[in-house]
Number of protein chains: 2
Amino acid sequence: MVDRGGTKTPTSFDVARAAGVSRSTVSRAFTPGARISPEVRSRILQAADTLGYHVNALARGLQSRHSNLVGIVASRLDSPLRALQVRGLAQGLLREGMNPLLLVADGGEDVQALIQSVLGYNVAGVIVTSDTPPPEVTLACNRAGVPVVMINRGPATEGADTVVLDLEKSGRAAFEMLRDSGVRRFALLSPAQKTYSVTGRSEAFLACCKAAGFDVVTITSDGQSFAAGRAVADAIAARIGPDQIEGIFCATDLLALGVLDRLRHARGIDVPQQLQLVGFDDIEQAAWDAYGLSTIRQDVLEQAAAAVELTLLRLEQPDRPYETRVFGLTKVFRKTTAVQGP
Amino acid sequence: MVDRGGTKTPTSFDVARAAGVSRSTVSRAFTPGARISPEVRSRILQAADTLGYHVNALARGLQSRHSNLVGIVASRLDSPLRALQVRGLAQGLLREGMNPLLLVADGGEDVQALIQSVLGYNVAGVIVTSDTPPPEVTLACNRAGVPVVMINRGPATEGADTVVLDLEKSGRAAFEMLRDSGVRRFALLSPAQKTYSVTGRSEAFLACCKAAGFDVVTITSDGQSFAAGRAVADAIAARIGPDQIEGIFCATDLLALGVLDRLRHARGIDVPQQLQLVGFDDIEQAAWDAYGLSTIRQDVLEQAAAAVELTLLRLEQPDRPYETRVFGLTKVFRKTTAVQGP
DNA sequence: TTGAAAGCGCTAACAA
DNA sequence: TTGTTAGCGCTTTCAA
């Protein structure tokens, strides 16, 4: 805030004087549930309105030992899934009267330092949906008494509420979709970088295949982006053919789309005739006609809502036991599997 | 922040005592550019580290009359362009030691109320990249002495620095791309909702066509999403044919992609043989092989960096004249025009 | 229901 | 270069 010499922002003192009450009373007028008579209250509110007064959140937070700021730690903000998730988080928070402090944690940034700086705002809570889940985040927040909610960053950690997808079901769903589409020779495409949810469902998929007596060819990508998928498409194409792979589970939609794009347009491979493909997430682009990706849907908006709810719950009851909300998923058959959707 | 009865967070007082100095000196140790001897400074930093001390941003902001919080007002956070923009903004801000306060302003929310609440944090600035640019935002911020930067929300408003695309060049580039690809019968697809940049370039395109002696068929969509494009694709298809439209400029890539998707896959229309198509933005998906959309690139990351820079500049020199940075664009020929890229 | 007084943790004048 | 003294604007006991 730059002081441009203009009129100073009015304080509760100015409102108090205008309304003929004390500053404490003004404070009460702006505190939901405070004991104050309706008449006095509306008189104050009116005075405040004409003066253009609004509570100074800094002072309030300083005094009351907590602001209504909630930190959101997110990485890869520009990936479709994450963008939607952050939007859900921000809107949910705003709706509850909290303000989201956005922390982008893509590689370069020092997450630890970010958390420290955020803690300096007496944040009411921190929601983590980053890829790299530094356990120190939980630690630092716990020390400061700040509740933490992890989204798909489990496993259920002591000291944090958690929102997760059912890993086992995720992997199984992928296996089933391919198997039910007639695939007998399986492959898996998964990023080299370990991540709770992506690696987790990949391993669950592997386990399912093995349990059913199938071998799996595993291919590793550099990251989970579209470009990463595209980059390994040739390696995949090379393994298509008699006695080779028939169906592949790509651990994220973006990866699947990258593979699909190159397979079809550069290699002229017919999906699903020559190779079947299943992704994961059901991002908006998966449904675009040019792709029609068969995939497994997770409802990020629902997860975001749960994260907000968990944050508020812990604010109300700091001592409640840590909770883990496990979310399900939906198989979405489209056009990259033999079994096809509508 | 919930007080879980644990150890209290250390204050500058504790650090001062541990380091054997006064609180002001501790403050100086954490203030870049403050006059303090290196030895004392490192002694304090060390004491702070062992105590787990970090500056309380609330108290600092309260006292110094400005926090290092910067509000970002954004809408449609989950659209590819906006997501990238917000990411750039957040990272740029973080890099400069500022923290982004994210305000999602999609229809429902009362922007005015949001701004008020944000102003309560003594934010150092506000960056607006929302679709609906309430002039009240500028007004409210100006009254509070908070600098405002508008991204593509011009025209240059008094009271705000501005980052914009060259509207005239945008529209002209679209016209030229189609014309140079041999189009003689033009069409325009633009959202019904007025927006500075989208409506602006649409009108510039119209003007260019008219000036060159061409008529233009204008088609209106409900919004600028993929779905909106898809929804008007049939209406466009109906106008393809002898003596009908040969090329269309879609005011956003998402719109163009929606049209293209349905035209090709539901209507079996050959683009660019039967119809040429040019989009705008060059979002990631435009380059995906399944689409290969010819488009006009705007560099959102560069714009975001400029917005951050303008915010900082005004912080340093509150009285400098308001500045407008105009950005150029790049024609990207791909596969939806007769003239094609690499 | 209201008011008076005491800080929340920090920075910014000023003095040393 | 360092310490001292005042607040920043608010909420929160505690009395009235």
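Every value quoted in this text rests on a predicted model; they were computed, and no experiment measured them. Numbers restart at 1 for each chain; the letters A, B, ... are given by sequence-line order, proteins then strands.
Looking only at atom types and distance, the side chain of B/R82 has a donor-acceptor partner in the side chain of B/Q85 under 3.5 Å away. Using modelled atom types, one finds a donor on one side chain and an acceptor on the other under 3.5 Å when comparing B/S22 with B/T25. Inspection of the A/Y121 and B/N68 side chains reveals an N or O donor paired with an N or O acceptor under 3.5 Å. Side-chain atoms of A/Q91 and A/R87 form a donor-acceptor pair, as typed in the model, at a separation below 3.5 Å.
Note on B/T11: every side-chain N or O is 4.0 Å or more away from OP1 and OP2 of C/dG9. Close to C/dC10, at under 4.0 Å from its OP1 or OP2, lies a side-chain N or O of B/Y53. For D/dC10, the OP1/OP2 oxygens have a side-chain nitrogen or oxygen of A/S12 closer than 4.0 Å. For C/dG9, the OP1/OP2 oxygens have a side-chain nitrogen or oxygen of A/R65 closer than 4.0 Å. A close approach under 4.0 Å does occur between a side-chain nitrogen or oxygen of A/T25 and OP1 or OP2 of C/dG3. When the side-chain nitrogen and oxygen atoms of A/S24 are compared with OP1 and OP2 of C/dT2, none of them lie within a distance under 4.0 Å. At least one side-chain nitrogen or oxygen of A/R60 sits closer than 4.0 Å to the OP1 or OP2 atom of D/dT11.
The nearest heavy atom of DNA chain D to B/G20 and to A/A59 marks one nucleotide each, and the one closer to the 5' end goes with B/G20. Along DNA chain C, the nucleotide nearest A/R43 and the nucleotide nearest B/S27 are compared for position; the residue whose nucleotide lies closer to the 5' end is A/R43. Of the two residues near DNA chain C, B/A57 and A/P38, the one whose nearest nucleotide lies more 5' is A/P38.
Summarising the geometry, the separation between CG on B/N56 and P on C/dG7 is reported as 18 Å, rounded to the nearest angstrom. The distance between atom CZ of A/R28 and atom P of C/dA4, rounded to the nearest whole Å, is 11 Å. The interatomic distance linking B/F30 (CZ) with C/dA12 (C1') rounds to 18 Å, in whole Å. In this structure, A/F13 atom CZ and C/dA5 atom C1' are separated by 14 Å, rounded to whole Å. Rounded to an integer number of Å, the gap from B/L62 CG to D/dG9 P is 7 Å. Note: CZ (A/R23) to P (D/dT13) measures 16 Å, nearest angstrom. Put simply, CD1 on A/I44 is 12 Å from C1' on C/dG3, counting in whole angstrom units. Here D/dT11 presents its P atom at 11 Å from CG of A/N68, a figure rounded to the nearest Å.
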Legend entry - B/Y53/B/F30 under ring pair (Phe, Tyr, Trp, His ring centres under 6.0 Å): CA gap, chis, key distance, verdict: CA-CA 11 Å; B/Y53 168 83; B/F30 287 96; 5.3 Å; yes
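In this structure, A/V21 reaches the sugar-phosphate backbone alone: every heavy-atom distance under 4.0 Å involves primed, P, OP1 or OP2 atoms, never a base. The residue A/V26 sits apart from the nucleic acid: no heavy atom pair falls under 4.0 Å. Counting any heavy atom pair closer than 4.0 Å across all strands shown, B/I36 reaches sugar-phosphate atoms only and no base atom.
Under 4.0 Å is where a charged nitrogen must lie from a carboxylate oxygen, and between A/D161 and A/R314 at least one such pair does.
Contact annotation: side chain of B/Q63 to base of C/dG9, donor-acceptor pair absent below 3.5 Å.
Here the side chain of A/S22 is nearest to one of C/dC10, C/dA13, C/dA4, namely C/dA4. Closest to the A/S64 side chain, of the nucleotides D/dT1, D/dT12, C/dG9, is D/dT12.
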